[in-house]
Protein chains: 2
Amino acid sequence: MIDDDLVFKALADPTRRFLLDLLFMVDGRTLTGLESELAMTRFGVMKHLRVLEEAGLVITRRQGREKLHFLNPVPIRQIHDRWIDKYTEHRTAALLDLKRELEEGP
Amino acid sequence: MIDDDLVFKALADPTRRFLLDLLFMVDGRTLTGLESELAMTRFGVMKHLRVLEEAGLVITRRQGREKLHFLNPVPIRQIHDRWIDKYTEHRTAALLDLKRELEEGP
DNA sequence: AAGTTACGTGACCCATTGGTCACATGTCAA
DNA sequence: TTGACATGTGACCAATGGGTCACGTAACTT
């Protein structure tokens, strides 16, 4: 009941979700590299990355004077498993596939 | 980029997550019924349910003077699909199964 | 050694949010 | 129709959180 709070709080901000999107596309990026994609100061980005790291959504590795950031998908999967049991999983996924199909057209 | 923000903001609060847990166990509950399980005023619970409803995580149906609340798992599944692609899904799920097994013991 | 690059810390300001209360509306039962 | 029950609204207060800045440390380069 404690550490999952960090995960949800971390995901609550759109900037942090965008950072996860960036890492989802290209993993192992550096702070200044990520900063260049955002309309924000380096300090703001650093704060957000720190929140993501403390939540376990981002894993870091130091390399010289650089700090590399990697996306960790495990907490995301845990969110899924909390409110979707194995029986309704197929149903929900099928519903979403149908929804996407209808929105995208033929 | 707009309505998914409501979902994540809604999930950011522990009380609201607990409300989802309650609905995950017993669906279709009423406001006063949910209030009795929380150490909070009815107004606080009402506010939280409103946030969940606007996010689409809870679907409601009026029945006389009562308002029934149901859990909607679709947005949860969408979160999952955003950062876990189909290729790493099995790997992540297997990793979590292993983690649970180790924590629960033999 | 000196300059440059990359990351880090603490304090500060403004906006948002969780929670409560006084008050109000609608609905069922006798 | 009177009273009890279930839900709603608006204002209000304290606390949290996003963003910036001045300043500081560590590492690569020449």
Side-chain angles (χ1 to χ4, degrees), chain A residues 1-23 26-71 75, chain B residues 1-23 26-71 75:
Chain A
M1 285 287 189
I2 297 289
D3 63 333
D4 74 333
D5 191 62
L6 293 177
V7 175
F8 287 104
K9 289 260 169 62
L11 291 174
D13 186 85
T15 304
R16 287 195 286 266
R17 293 196 298 273
F18 182 63
L19 284 170
L20 292 182
D21 290 335
L22 291 176
L23 292 180
V26 180
D27 221 9
R29 309 185 68 172
T30 177
L31 166 61
T32 43
L34 292 166
E35 176 212 341
S36 65
E37 307 229 26
L38 293 180
M40 191 184 302
T41 322
R42 176 174 55 92
F43 309 98
V45 181
M46 204 189 322
K47 260 193 171 181
H48 286 304
L49 286 174
R50 177 182 176 83
V51 173
L52 288 170
E53 188 177 357
E54 288 178 342
L57 285 161
V58 161
I59 296 178
T60 63
R61 200 183 72 220
R62 304 230 40 158
Q63 196 174 57
R65 61 181 163 182
E66 290 181 335
K67 188 176 181 181
L68 305 181
H69 299 77
F70 300 88
L71 172 62
Chain B
M1 287 288 190
I2 298 289
D3 62 332
D4 73 333
D5 191 61
L6 293 177
V7 175
F8 287 105
K9 289 260 168 62
L11 291 174
D13 186 85
T15 303
R16 289 195 286 267
R17 292 196 299 273
F18 182 62
L19 284 170
L20 293 181
D21 290 335
L22 291 176
L23 293 179
V26 180
D27 221 8
R29 309 186 69 172
T30 178
L31 166 61
T32 43
L34 292 167
E35 177 211 342
S36 64
E37 307 229 27
L38 292 180
M40 191 185 300
T41 321
R42 175 175 56 92
F43 309 98
V45 181
M46 204 188 323
K47 260 192 171 180
H48 286 304
L49 285 174
R50 177 181 177 82
V51 174
L52 288 170
E53 188 178 357
E54 287 178 342
L57 285 162
V58 160
I59 296 177
T60 62
R61 200 181 72 219
R62 303 231 41 158
Q63 196 174 57
R65 61 180 162 181
E66 290 180 334
K67 189 175 181 181
L68 305 181
H69 300 77
F70 300 87
L71 173 62

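Chain identifiers are assigned alphabetically (A, B, ...) following the order of the sequence lines, protein sequences preceding nucleic acid strands; residue numbering begins at 1 within each chain. For clarity, every value in this text was computed on a predicted model and none was experimentally measured.
Atom CZ of A/Phe18 is separated from atom C1' of D/dG19 by 17 Å (rounded to the nearest Å). With rounding to whole Å, A/Arg17 atom CZ is found 11 Å from D/dG18 atom P. What separates CD of A/Glu35 from P of D/dC21 is a distance of 12 Å, to the nearest Å. The distance from atom CD of B/Glu66 to atom P of C/dT27 is 13 Å, rounded to the nearest whole Å. Protein atom CZ of B/Arg61 is 14 Å distant from nucleotide atom P of D/dT7, rounded to whole Å. Straight-line distance from the CD atom of B/Gln63 to the P atom of C/dT27: 13 Å, rounded to whole Å. At whole-Å resolution of the value, CG in B/Leu49 and C1' in D/dT7 are 11 Å apart. Note: CE (A/Met46) to P (D/dA26) measures 15 Å, nearest angstrom.
Listed by chain and number, the residues in a side chain to side chain donor-acceptor pair (under 3.5 Å) with A/Glu66 amount to none (sequence neighbours excluded).
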Nucleotide N/O to protein N/O under 3.5 Å, stretch nucleotides 1-5 of chain D:
unit_1: D/dC5; atom_1: O2; unit_2: B/Arg65; atom_2: NH1; d: 3.2

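Residues A/Ala55 and A/Val7 share a closest heavy-atom pair of O-CG2, 3.4 Å.
The distance from atom CG of B/Leu49 to atom NE2 of B/His69, rounded to the nearest 0.5 Å, is 4.5 Å. With values rounded to the nearest 0.5 angstrom, A/Ile59 atom CD1 is found 11.0 Å from A/Leu23 atom CG. Separation of atoms CG (B/Leu52) and CG (B/Leu71) is listed at 9.5 Å; rounding is to 0.5 Å. Atom CG of B/Leu11 is separated from atom CG of B/Leu6 by 11.0 Å, given to the nearest 0.5 angstrom. Considering CG of B/Leu31 and CZ of B/Phe43, their distance stands at 10.0 Å, rounded to 0.5 Å. Annotation: the span from A/Leu22 atom CG to A/Arg29 atom CZ amounts to 5.5 Å, rounded to 0.5 Å.
Less than 4.0 Å separates DNA chain C from at least one heavy atom of each of the following residues of residues 26-34 of chain A: A/Thr30, A/Leu31, A/Thr32.
The end-to-end axis angle of the helix from C/dT4-D/dA27 to C/dA30-D/dT1, rounded to 10 degrees and based on five pairs per end, is 30°.
Taking the side chain as every heavy atom from C-beta outward, B/Val58 and B/Leu20 approach each other to under 4.5 Å. Within the 4.5 Å cutoff, the side chain of B/Arg17 has heavy atoms near those of the A/Asp5 side chain.
Identified under the side-chain hydrogen bond (donor to acceptor under 3.5 Å, both in side chains) test for residues 41-55 of chain B, with sequence neighbours left out: B/Arg16-B/His48, B/Arg50-B/Glu54, B/Glu53-B/Thr60, B/Glu53-B/Lys67.
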With sugar-phosphate taken as primed atoms, P, OP1 and OP2 and all else as base, the protein-contact string of nucleotides 14-24 of chain C at under 4.0 Å (heavy atoms; B, S, -) is ---SSBBBB--
